[in-house]
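Residue numbers start from 1 in every chain, and the chains themselves are labelled A, B, ... in the order their sequence lines are given, proteins ahead of strands. Since the model is a prediction, treat every value here as computed from it, not as a measurement.
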Amino acid sequence: MAKRRRGQVLSGVLIVIALATVASALWWIAHRLPDRIADTAHEVESLILFVLAVAAVFLVAAHLYLAYALWRFRHHPQRQSMFIGVTRKEWLPVLAIAAVLLAFDLTFDHRSNEVWAKVFLRVPENAFRVEITGEQFAWGIRYPGKDGEFGRTDLRLVSDSNPLGIDPNDPASKDDIVFPAGQGELHLPLNHPVVFLVRSKDVIHSFFVPFARLKMDAVPGMTTRIWFTPTKAGTYEFACAELCGLGHYRMRGVLVVEPMEQLQKWLSEQQTFGETMP
Amino acid sequence: MAHEHTVVTELPLWRRLLRFSTDHKDIGLQYFFTAWAMAIIGGFLAFIIRWQLGFPTQVKPAPWLSWLFPHGAEGGVLKPEFYYALVTMHGTIMVFFFQTAILSGGFGNFLIPLQIGARDMAFPFLNGLSYWVFWAACIVLLLGFAVEGGAAAGGWTAYPPLSALKEAMPGSGWGMTLWLLAMALFIVSSTMGSLNYITTVLNLRTKGMTMFRLPFTTWTLFLAAILGLLTFPVLTAGALMLLLDRHLGTSFFVPTVHIAGKLIERGNGNPILWQHLFWFLGHPEVYILVLPALGFVGDIVATFARKPFYAYRLAVLGLIGIAFLSCLVWAHHQFVSGMNPYLAFPFSLLTILVSVPFATVLLCIAGTLWGGNIRFTTPMLFAIGFLSLVVTGGFGGLSLGVAANDLHLHDTYYVVGHFHVIMGSSVLFAIYAATYFWFPKMFGRMMNERLGKWHFWLSLFGVYGVFLPMHYLGLSGMMRRIYTLLEYDFLKHLQPINTFISVAAFVLIAAQALFVVNFFWSLKRGEQASANPWGATTLEWQTSSPPPHGNWGTELPAVYRWAYDYSPPDSPTDFRPQTEPLPASQ
Ligand code: HEM
Ligand SMILES: [Cu+2]
Ligand SMILES: [Cu+2]
């Protein structure tokens, strides 16, 4: 009977789906993830992989159950379904499995909170500070200079020569080092924590560093914050991850991780805001 | 309740669809056909989106595109602003104008009175109005493509300031205003519907139909209506505020910004406020889709396994748990939005806790298979496809509920893959299962099994082939809503995967033609359906196919038992309808 065969085929297909899903995911994770260039890259990624591993076990189990039930209980004209009637005993296996899931949920939550608290609540005091400002469709970069303080900004002061709207009357602004949107690379110190002050001039953007497995929205009217420690030298890309207009797909930035001394030397060679503003 | 004495079902179908009717079955079918038409439009937009991503037109222009869209794709090169309009309209259409409309408006209207033994909805006039307002919403939405600047292009989430300032992008002009008006109309229509479904279920149940004798389907439609009633108005308020920001210079969501070389000074508006208002609806919205899907699948599985629903009451409690929790998780879309990071702790925990009642319901449905005598009809195949997809999509979602994972995964193709497995695939499969299942009740004919089977196999392989690899793209950092990935060196190596996904998507989309052919062919030529072709217990199968105006003869049916008396030991048939009295001895 054709419909009986459908059941057998379906059982087989479900098993193939589960195995192919897990196998392809494993292969992908082993071969196709971006480099990890920061402490957070390891922490966030291992959390993702942990959740996925648990998910894979449940996924395979669910498909095996379905496959078995469909095959074992496929229609047979001589058989009748079991009639169990309504009994509370049925609740037990369901609640037991749900409890196992609950235990995993709490584990995920616990591990997630640790990473989260680190990234948002425990910014190191000595972190290197850099400000990154999104605008359609590039990133402006600013370093605080020798005093370690950023000068005040105000969008009303924005002009061609002062694209970030920095207040020239604020003493802290004199030694700021500014790269207008699209005109500089983001230099970061190797093995030293960096905190990013993320801002936007127009719409919402999102500062996304795939190699650090981190992102943070850039929201007009406020400053958001995120930090990580670069652990691998080299030149990498960062991106905008929030739809911000027709050029969203090309709002690309480049970041360079280099030893602190090299970075300091490079910074000392740059013009300061005080020098560019007469 | 007064009703006309003409036998309305004898009107030809097109007449029933094109008039102002107050009969819930007519209105259900009106929603049903309109929503399918919107699905075809949404699917066509998906096709263009996948063309651009699989075969980037700036690399290799596609002349046929400029033929179709002289403005959006001049010289065969799709413009980025047009791409974003396609994505926005595709998402909006699929979520609201196809799935919400067909589940609540289509099946909700058609099934609720039939399953509870009522003659119609509590407020038939409101019901008719609800459909025509929905119809107007569809037109207003699609008009967006015709206005200057094109349709809304800020994503289906319409985050301001992008969506608030016409300077921000071409689609933020009239297209965005129309989008907001369309959403407002949609919400008005859906609120009228929800009120009706809730009142009807509470007040018009026939004699003997207690709440715990309701079919699972009615339970889910009822809970979805409650969710809609509680959460949609919040978005209405948001849409109104956004309109004021756009046209009257208020500052709810727009701070002072410097955009397109121009200073725009407003007050201290907060863009994140919109996100809270949007997702307060936006998240429950996906449960407004998933709940009825669970309902259909639960009933279809019980019917074709010929088995009593496993732990039915626990499953209903699970549904209530899902509905309740789903109202408390909205900010999980905003973990990295700049909201207070402490908020991530409760919202992350509550989100992943949804998995507990969700798994409970699924386990009850899966348990129903055990010991059954399973018939693999087309509706059953789609129901089982749903179970596979909902597990895959559910765990994909669980990994997104874990806040720290979103540091990497938020706004990547992992998210796109996830919601397409849940909504774009599993809910879609439930809609197909329901259509094959209730088609005989709606139109008095059966759908073709052979075509149905092929439709199922191609769709199953199609959705896994299209949406599973998207998760992997996201793990590799590919952002969503990008017109092309070729701007980034770290993404370039993913282009072949995108081409593969597009080819799979074309097969998937083409396979849906089998459904369309089957649908119209069966409407005319399908085998005549009896009143109860599947041997099902619930009330809608105890009246003729299709049911007459007023649903029942002179007397309303009375209910004596729950909805799942399948394969009772001492019965000549392998089911006892809800209308069958208990034996005198009990
Ligand atoms: C043939 C099937 C489909 C294909 C190939 C498809 C493809 C896509 C793609 C590639 C995107 C992402 C575009 C981007 O981020 O740049 C997208 C977005 C989206 N799709 Fe689909 N889709 C399909 C069906 C559906 C269905 C049935 C739904 C129903 C819920 C749906 C809902 C959405 C939503 C909500 C978005 C997000 C729009 C936004 O980012 O603003 N899609 N679709
Ligand atoms: Cu951006
Ligand atoms: Cu962007």
Less than 4.5 Å apart, side chain to side chain, heavy atoms only: is that true for [X] and [Y]?
| X | Y | result |
| --- | --- | --- |
| A:Arg156 | B:Leu263 | yes |
| A:Ile204 | B:Pro161 | yes |
| A:Glu237 | B:Asp489 | yes |
| A:Val203 | B:Leu165 | no |
| B:Leu485 | A:Tyr249 | no |
| A:Lys215 | B:Thr412 | yes |
| B:Val87 | A:Leu243 | no |
| A:Pro93 | B:Tyr310 | yes |

Engaged part of [X] at the chain A interface, taking heavy atoms whose separation is under 4.5 Å:
| X | answer |
| --- | --- |
| B:His493 | side chain |
| B:Tyr159 | side chain |
| B:Leu409 | both |

Counting heavy atoms not belonging to [X], are there more than 12 under 6.0 Å from its [atom1]?
| X | atom1 | value |
| --- | --- | --- |
| B:Lys492 | NZ | yes |
| B:Asn340 | CG | yes |
| A:Arg225 | CZ | no |

First locate atom [atom1] of [X], then atom [atom2] of [Y], and finally report the distance between them rounded to the nearest 0.5 Å.
| X | Y | atom1 | atom2 | result |
| --- | --- | --- | --- | --- |
| A:Tyr65 | B:Leu387 | OH | CG | 9.5 Å |
| A:Arg79 | B:Asn373 | CZ | CG | 4.5 Å |
| A:Lys201 | B:Ile259 | NZ | CD1 | 10.5 Å |
| B:Met339 | A:Asp217 | CE | CG | 10.5 Å |
| B:Leu353 | A:Asp109 | CG | CG | 7.5 Å |
| B:Arg480 | A:His248 | CZ | NE2 | 9.0 Å |

Would B:Arg313 and A:Glu90 count as a salt bridge (Lys or Arg N to Asp or Glu O under 4.0 Å) if you check the C-alpha gap in whole Å, the side-chain angles of each, and the deciding distance to 0.1 Å?
CA-CA 10 Å; B:Arg313 279 181 190 232; A:Glu90 293 183 335; over 6 Å; no
Does B:Phe395 have its ring centroid less than 6.0 Å away from the ring centroid of A:Phe58?
yes
Using the benzene-type ring in the case of Trp, are the ring centres of B:Phe490 and A:Phe211 under 6.0 Å apart?
yes
Side chain to side chain donor-acceptor pair (under 3.5 Å) between B:Tyr472 and A:Ser24: does it pass, once the steps are laid out?
CA-CA 9 Å; B:Tyr472 303 159; A:Ser24 59; 2.7 Å; yes
Which residues, numbered in order, of residues 9-19 of chain A come under 4.5 angstrom of chain B by heavy-atom distance?
A:Val9, A:Leu10, A:Val13, A:Leu14, A:Ile17
Tell me, with the steps shown, if A:Ser206 and B:Asp411 meet side chain to side chain donor-acceptor pair (under 3.5 Å).
CA-CA 9 Å; A:Ser206 189; B:Asp411 268 341; 5.5 Å; no
Aromatic ring pairing A:Phe73/B:Trp370, orientation class (parallel under 30°, perpendicular over 60°, tilted between)
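Rings of A:Phe73 and B:Trp370: perpendicular, as their planes differ by over 60°.
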Could you tell me whether the side chains of B:Ser476 and A:Trp28 share a donor-acceptor contact shorter than 3.5 Å?
yes
Looking only at side-chain N and O atoms, does A:Ser112 offer a donor or acceptor that is under 3.5 Å from a partner on B:Asn405?
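No, A:Ser112 and B:Asn405 have no side-chain donor paired with an acceptor closer than 3.5 Å.
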Search all heavy atoms of A:Leu246 against all heavy atoms of B:Met169 and return the closest pair with its distance.
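Closest approach of A:Leu246 to B:Met169: N-CE, 3.8 Å.
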